[in-house]
Amino acid sequence: MTNLMQYPAAAETKHIQLSSNTESSSTMKSLRDYENSFWSQITFVDSPFYPDYMEAVEIAYKEAFDSFWELVTETEDAATLLRRIMKEKGGLRMNLLKLFRRFVSPDTSVEMLKKVSNTENIIREYGYRFRSTADLVEIQERYKGKMRELELPLMAVLFETQNRGQSGYRLTDMFFEWFENNLGDEFTIEGPRGAGRDVELSSILPGFDKGTPTDFVIRSRDNKEVVAIGYARYDSDRGGSQEDDRISGNRDKITKLRNYRQANPDSDIKIIFLNDGPGIVLGSMYKDYVDLEEVYGPGFTMVTTLKMLDDRLTSSWLTSDSTGNQ
């Protein structure tokens, strides 16, 4: 499904200016300066219209659905069905596990199902809650001759779930491109541009809390020293507890960096939160992001969207002295 999920950015994202970033950090705009225009600072990453993508989705998932129902008729119980699915290879197994979770065990997390070694533990601990294969056969009979009526809505759900992370990957890719065009003469940037392993901070900053990943690392091209770490997130929709989780998670990241800076007084590493998408204007997120910059990480924290980069992420800010804000 790789090609199916590669969507270009909306037209407006193509107009992000590639200017030379020489603005003084003392005159650089703060996030607070965008209070009256925050809604217009969002970058939209294209998503397909329903049901335009359904023909391609059906092609992508047809094999998995057909194989699932075939396995249902061949197995005596749900535990055996799971064991059979685990013997399949690669992408087919992952799609079959998605169907197993939807039809048989909605209590079981996707991450748990990914590990073949978890199979017997799942059966032992949660098997009593599995839907029986007899019930699955009854569903087949109920939809006999019209299975696609049952399957197509679920195909759409699976596709949209699978596609959620793609907007974030596209956002990261656009940011890397902007950075290399604007700041690449003075700095390097490293990290996954799409799916891939995040950078473990303790591996590049000795003494940093272990188990703390970052999306990207910015270094001085001259001396290779780390000048900033950062995180990129695209929120198509966010609110309530999700909103609180995002903000509290960012506070924790700032706190960990502050602790590192205090333990290493010569370090002046900044932290960048590239947050974009319509979800960032919901609820109190704008005010909370301003607080991240001004209260929790003054001087060494930046929250920005793609459209703000030209005015905000400058060489002057990256190299500015923020050690007075430890």
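Positions are given from 1, in the same order as the sequence printed here.
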What distance separates [X] [atom1] from [Y] [atom2], expressed to the nearest 0.5 Å?
{"X": "Ile229", "Y": "Tyr260", "atom1": "CD1", "atom2": "OH", "value": "10.0 Å"}
{"X": "Thr119", "Y": "Met86", "atom1": "OG1", "atom2": "CE", "value": "3.5 Å"}
{"X": "Leu113", "Y": "Arg93", "atom1": "CG", "atom2": "CZ", "value": "10.5 Å"}

State, yes or no, whether a side-chain contact exists between [X] and [Y] at a heavy-atom distance under 4.5 Å.
{"X": "Tyr61", "Y": "Lys98", "value": "yes"}
{"X": "Phe68", "Y": "Asn95", "value": "no"}
{"X": "Leu31", "Y": "Glu294", "value": "no"}
{"X": "Phe273", "Y": "Asn250", "value": "yes"}
{"X": "Phe130", "Y": "Ile122", "value": "yes"}

- Mark yes or no: Arg261 above the aromatic ring of Phe300, with NZ or CZ under 6.0 Å from the six-membered ring centre and no more than 45 degrees from the axis.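 Relative to the ring axis of Phe300, which defines the angle, Arg261 lies inside both limits.
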- Go through the steps to decide whether Met147 and Phe65 satisfy the test side-chain contact (heavy atoms from CB on, under 4.5 Å), and finish with yes or no. CA-CA 10 Å; Met147 286 298 289; Phe65 274 86; over 6 Å; no
- Query: Salt bridge check: are Lys287 and Asp291 linked by an N-O gap of less than 4.0 Å?
  - Reply: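 Asp291 and Lys287: salt-bridged.
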- Query: Do Ser220 and Asn223 get their side chains close enough for a donor-acceptor pair, meaning under 3.5 Å?
  - Reply: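 A pair is found: one side chain offers a donor N or O, the other an acceptor, under 3.5 Å apart.
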- Message: I'd like to know whether Ile218 forms a side-chain contact (heavy atoms from CB on, under 4.5 Å) with Ile272, so could you lay out the CA-CA distance, the side-chain angles of the two residues, the decisive distance to 0.1 Å, and finally the verdict.
- Response: CA-CA 10 Å; Ile218 297 172; Ile272 301 164; 3.8 Å; yes
- Message: Checking Met308 against Phe38 for the side-chain contact (heavy atoms from CB on, under 4.5 Å) test, could you report, in this order, the C-alpha distance in whole Å, the side-chain angles of both residues, the deciding distance, and whether it holds?
- Response: CA-CA 10 Å; Met308 297 177 188; Phe38 191 54; 3.7 Å; yes
- Message: Between Phe216 and Phe175, is the ring centroid distance below 6.0 Å?
- Response: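 Ring centres of Phe175 and Phe216 closer than 6.0 Å.
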- Task: Take the angle between the ring planes of Tyr53 and Phe159 and call it parallel below 30°, perpendicular above 60°, tilted in between.
- Result: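 Plane angle between 30° and 60°, so tilted.
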- Query: When Glu190 is tested against each of Arg197, Arg219, Arg221 for salt bridge (Lys or Arg N to Asp or Glu O under 4.0 Å), which residue passes?
  - Reply: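 That would be Arg219; it is the only one of Arg197, Arg219, Arg221 passing the salt bridge (Lys or Arg N to Asp or Glu O under 4.0 Å) with Glu190.
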- Query: Has the side chain of Asp33 got a donor or acceptor atom that lies under 3.5 Å from a matching backbone atom of Ser30?
  - Reply: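 Judged by distance alone, yes, a pair lies under 3.5 Å.
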- Main-chain N/O of Ser322 paired with Asp268 side-chain donor or acceptor, under 3.5 Å: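 Yes; at least one donor-acceptor contact below 3.5 Å.
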- Contact summary for Ala228 and Leu318, nearest pair of heavy atoms: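 Minimum heavy-atom separation between Ala228 and Leu318: CB-CD2, 3.9 Å.
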